[in-house]
Asks: 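The structure's right below; bear with me while I get my questions together.
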Amino acid sequence: MKSIIKPVLVSILLLFTSVSFATEKLTLIKNANIFDGESKKLQMGMDVLVENNLIKKIGADLVAENAQVIDAQGKFLMPGLIDAHWHTTYAYTPASVLMMNTGDMSEVAIRSMKGAHETLMRGFTTVRDPGGNPFSIKKLIDSGEYPGHRILPSGPFMSQTSGHADFHNVFTENPRNTNSELSYWEKNMMAMIADGVPEVRKRTREILKYGASQIKITTGGGVSSQYDPLDVSEYSVDEIKAVVEEAKNFNTYVISHVMTDAGIRTSVEAGVMSIEHGFFASDSTLKLMKKKGAWLSPQAMFEEDMNWSSPVSARKYKQVTDAVNTLYKRARDIGVNVAFGTDQLLDASKAKQQSTLLVRMGTWFSNYEVLKMVTSDNARLLELSGPRHPYQEGPLGKIVEGAYADLLIIDGNPMEKLDVLGDPENKFKVIMKDGVIYKNTL
């Protein structure tokens, strides 16, 4: 009997051993010049060993048996890019679908899933999504079933009636009954209207239950919305504080779409930690943001970047783009936390401007500052989600041991010539996310 048991035990041991080796995936990147996401000085001619989805070791002359070897040939290695304001389900969906109801959620999901792959191929391995319903898309990407970027979703962005998320027709749908059903897009978690402290608390809790990493509200007028001029402030102080309290109870934070100085100041004083856009912020408000540790997430938009069929939106867009240059200059001089985000909307042909806007940041910041902003700085902003941050195995935006293996090998040195980031199709030779190689032309 012993002679039978021993071989069986050995066979079982070998089986488990072989399974262990089979599940361990090693990739060794050799001879790379590394920008680690933080240091201005590159690590020249170094190797990076990736085990499964994390960076295992960084050093010189590394050796690893059974590893896939990529010779970087002395090229530039950096962390994957992070966009702190990217609408997964709005960027590739035409305005006619969402504003005039010519499509449904299935169309939005199909367009967005395809778009997520295109975004990844521009080197953006992570986005903070400040409005929409990317939850199923995130699920399929994270499971490895479809290629795409990481997503920290806010779920539906939330506003008051006549706010930035109110798409009801003023002639055919107003006044609305207090007990009216939610609209189609509200039911599908693309946007949400909530009025009064009890209702904003309820909707915030519902959005968090859905799986939001952070909460997005609107406390000022917007460009795409038709019924809220840019100078207005939205939500009362009590309503904003109620949303902030509910987010804090879930150990996360609130971001706010707002342009006007009064709305920004009210939001920050009420506990909002990230101001999206903020183009008309005064110096005193920017100093308040710095004191509070809040973030400013504007967009480097110029007038020629977007076309608006609505004259209302076109006029508001001109007001915004006229303010871009001075805002970035003042924000840098004051020292407020500045994030990089692009906010491409409602036109798939414009989505590729994501790379253009990144290069444009060199107008106001040094190449090093831009690279740091789009990697470790943006990652630091994302960490405000605390335990609601969906990626907890290691840090993002850095090349350090234990970090997620989101890596780009670039033909050219963006520390010297930032323009190479604007040509991902030709200059990005390797795109790796979560240890998986999605592009390799070396």
Side-chain angles (χ1 to χ4, degrees), residues 27-37 42-48 50 53 55 58 68-84 86 88 91-92 114-127 141 146-151 300 340-342 344 348-362 367-368 370-379 396-399 403-442:
T27 304
L28 181 59
I29 299 173
K30 302 284 292 181
N31 188 26
N33 297 334
I34 301 173
F35 167 65
D36 65 7
L42 301 183
Q43 302 174 46
M44 307 296 287
M46 298 293 281
D47 303 341
V48 176
V50 174
N53 66 331
I55 296 172
I58 301 170
Q68 177 182 359
V69 178
I70 298 175
D71 183 2
Q73 305 165 15
K75 291 181 170 56
F76 193 91
L77 177 68
M78 68 173 292
L81 307 174
I82 300 173
D83 191 326
W86 182 258
T88 307
Y92 295 92
K114 178 177 178 290
H117 179 232
E118 294 176 10
T119 304
L120 176 63
M121 289 299 98
R122 288 193 290 273
F124 287 90
T125 54
T126 300
V127 307
I141 290 172
Y146 289 90
H149 46 72
R150 301 181 190 274
I151 302 172
F340 171 77
T342 54
Q344 295 299 287
S349 70
K350 300 287 188 179
K352 62 185 178 182
Q353 289 184 154
Q354 188 178 30
S355 301
T356 303
L357 267 60
L358 175 56
V359 174
R360 191 177 290 167
M361 294 299 292
N367 293 1
Y368 163 69
V370 174
L371 289 170
K372 185 171 179 286
M373 185 184 300
V374 78
T375 54
S376 63
D377 283 354
N378 270 0
L396 294 169
K398 300 178 185 179
I399 299 180
Y404 278 109
D406 295 0
L407 303 170
L408 308 176
I409 297 178
I410 299 174
D411 185 12
N413 184 347
M415 197 81 82
E416 298 174 353
K417 187 174 174 57
L418 199 62
D419 289 357
V420 299
L421 297 181
D423 186 14
E425 183 177 356
N426 296 306
K427 297 297 185 181
F428 290 16
K429 298 302 180 182
V430 172
I431 298 175
M432 173 187 283
K433 192 209 80 180
D434 209 38
V436 178
I437 298 170
Y438 290 92
K439 176 181 179 180
N440 183 3
T441 59
L442 286 176

Asks: List for me each residue that meets salt bridge (charged side-chain N to carboxylate O under 4.0 Å, His left out) alongside K30, sequence neighbours excluded, and say none if there are none.
Replies: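 Testing K30 for salt bridge (charged side-chain N to carboxylate O under 4.0 Å, His left out), a comparison that skips the adjacent residues, returns D47.
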Asks: Which heavy atom of A32 sits nearest a heavy atom of L77, and at what distance?
Replies: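 Heavy atoms only, the tightest pair is CB-CB, 3.8 Å.
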Asks: For a quick test of reading the model, state the closest non-hydrogen atom pair linking T119 to Q354 and the distance between them.
Replies: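 That would be CG2-OE1, 3.4 Å.
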Asks: Listing request: all salt bridge (Lys or Arg N to Asp or Glu O under 4.0 Å) pairs with a residue in residues 411-422, at least two apart in sequence or in separate chains.
Replies: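 The answer is K417-D419.
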Asks: Just do the side-chain contact (heavy atoms from CB on, under 4.5 Å) check on L81 and F428 with the steps written out, would you?
Replies: CA-CA 12 Å; L81 307 174; F428 290 16; 4.3 Å; yes
Asks: Stepwise, does the side-chain contact (heavy atoms from CB on, under 4.5 Å) test hold for I55 with L407?
Replies: CA-CA 10 Å; I55 296 172; L407 303 170; 4.2 Å; yes
Asks: Please list, chain by chain and in numerical order, all residues satisfying salt bridge (charged side-chain N to carboxylate O under 4.0 Å, His left out) with D434, sequence neighbours excluded.
Replies: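 In terms of salt bridge (charged side-chain N to carboxylate O under 4.0 Å, His left out), with neighbours along the sequence ignored, D434 is linked to R150.
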Asks: Say you draw a straight line from CD1 of I409 to CG of N440; how long is it, rounded to the nearest 0.5 Å?
Replies: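 If I round to the nearest 0.5 Å, the distance is 7.0 Å.
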Asks: Residues two or more places apart in sequence or in another chain: which of them pass side chain to side chain donor-acceptor pair (under 3.5 Å) with D377?
Replies: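 Checked D377 against side chain to side chain donor-acceptor pair (under 3.5 Å); matches are K372.
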Asks: Under the side-chain contact (heavy atoms from CB on, under 4.5 Å) rule, collect the residues that match up with A91, sequence neighbours excluded.
Replies: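 Result, side-chain contact (heavy atoms from CB on, under 4.5 Å) vs A91: W86.
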Asks: Let's go through I437 and I70 carefully: what are the C-alpha distance in whole Å and the side-chain angles of both, what is the deciding distance for side-chain contact (heavy atoms from CB on, under 4.5 Å) to 0.1 Å, and is it a yes or a no?
Replies: CA-CA 11 Å; I437 298 170; I70 298 175; 3.5 Å; yes
Asks: Is it the case that atom NZ in K350 sees more than 12 heavy atoms from other parts of the structure closer than 6.0 Å?
Replies: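 More than 12 heavy atoms, drawn from other residues, nucleotides or ligands, come within 6.0 Å of this atom.
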Asks: So, the side chain of N33 versus the backbone of F76: is there a donor-acceptor pair under 3.5 Å, distance only?
Replies: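 No.
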Asks: Could you pull out all residues at least two apart from R122 that satisfy salt bridge (charged side-chain N to carboxylate O under 4.0 Å, His left out)?
Replies: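 Once residues adjacent in sequence are excluded, R122 has no partner under the salt bridge (charged side-chain N to carboxylate O under 4.0 Å, His left out) criterion.
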Asks: Identify the heavy atoms of I29 and A72 that sit nearest to each other, and give their distance.
Replies: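 For I29 and A72, the tightest heavy-atom pair comes out as CG2-CB, 4.1 Å.
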Asks: What pairs with K75 under side chain to side chain donor-acceptor pair (under 3.5 Å), at least two apart in sequence or on another chain?
Replies: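 If we apply the side chain to side chain donor-acceptor pair (under 3.5 Å) test to K75, skipping adjacent residues, the hits are Q73.
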Asks: To the nearest 0.5 Å, how far apart are NE2 in H149 and CD1 in I151?
Replies: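 So the NE2 of H149 and the CD1 of I151 are separated by 5.0 Å.
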Asks: Would you compute the distance between atom CE of M121 and atom OH of Y438 and round it to the nearest 0.5 angstrom?
Replies: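 Separation between the atoms: 8.0 Å.
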Asks: Could you tell me which residues satisfy side chain to side chain donor-acceptor pair (under 3.5 Å) with K114, sequence neighbours excluded, listed by chain and number?
Replies: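 Only E118 meet the side chain to side chain donor-acceptor pair (under 3.5 Å) criterion with K114.
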Asks: Checking D423 now: which residues fulfil salt bridge (charged side-chain N to carboxylate O under 4.0 Å, His left out) with it, not counting sequence neighbours?
Replies: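 Once residues adjacent in sequence are excluded, D423 has no partner under the salt bridge (charged side-chain N to carboxylate O under 4.0 Å, His left out) criterion.
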Asks: May I ask you to decide if G397's main-chain N or O and N378's side chain share a donor-acceptor pair within less than 3.5 Å?
Replies: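 Here the side-chain-to-backbone pair does not exist.
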Asks: Any idea which heavy atoms bring T125 and M432 closest together, and the distance?
Replies: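 Smallest interatomic distance, heavy atoms only, reads CG2-O, 3.9 Å.
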Asks: Check the angle between the aromatic planes of F35 and Y368 and answer parallel, tilted or perpendicular using the 30° and 60° thresholds.
Replies: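 Aromatic pair F35/Y368 classed perpendicular.
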Asks: Looking at every heavy atom in both A116 and Y92, which two are closest together, and how far apart are they?
Replies: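 In this case the closest contact between A116 and Y92 is N-CE1, 4.4 Å.
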Asks: Mind checking what makes side chain to side chain donor-acceptor pair (under 3.5 Å) contact with Q353, not counting sequence neighbours?
Replies: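 In terms of side chain to side chain donor-acceptor pair (under 3.5 Å), with neighbours along the sequence ignored, Q353 is linked to Q344.
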Asks: Under a 3.5 Å distance rule, please check whether K433 uses its side chain to pair with a backbone N or O of L120 as donor and acceptor.
Replies: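 Checked: no pair found.
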Asks: Find the distance between CD1 (I410) and CG (N426) and round it off to the nearest 0.5 Å.
Replies: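 Going from the CD1 atom of I410 to the CG atom of N426 covers 13.0 Å.
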Asks: Using 0.5 Å steps for rounding, measure from the CZ atom of F124 to the CG atom of D406.
Replies: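 The distance works out to 13.5 Å.
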Asks: So which atom in K427 and which in V420 form the shortest heavy-atom distance, rounded to 0.1 Å?
Replies: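 Residues K427 and V420, closest heavy atoms: CB-O, 3.7 Å.
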Asks: Report the C-alpha distance between V370 and F340 in whole Å, list the side-chain angles of each, state the deciding distance to 0.1 Å, and finish with yes or no for side-chain contact (heavy atoms from CB on, under 4.5 Å).
Replies: CA-CA 8 Å; V370 174; F340 171 77; over 6 Å; no
Asks: In Å and rounded to the nearest 0.5 Å, what is the CG to CG distance from L358 to L421?
Replies: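 L358 atom CG to L421 atom CG measures 5.0 Å (nearest 0.5 Å).
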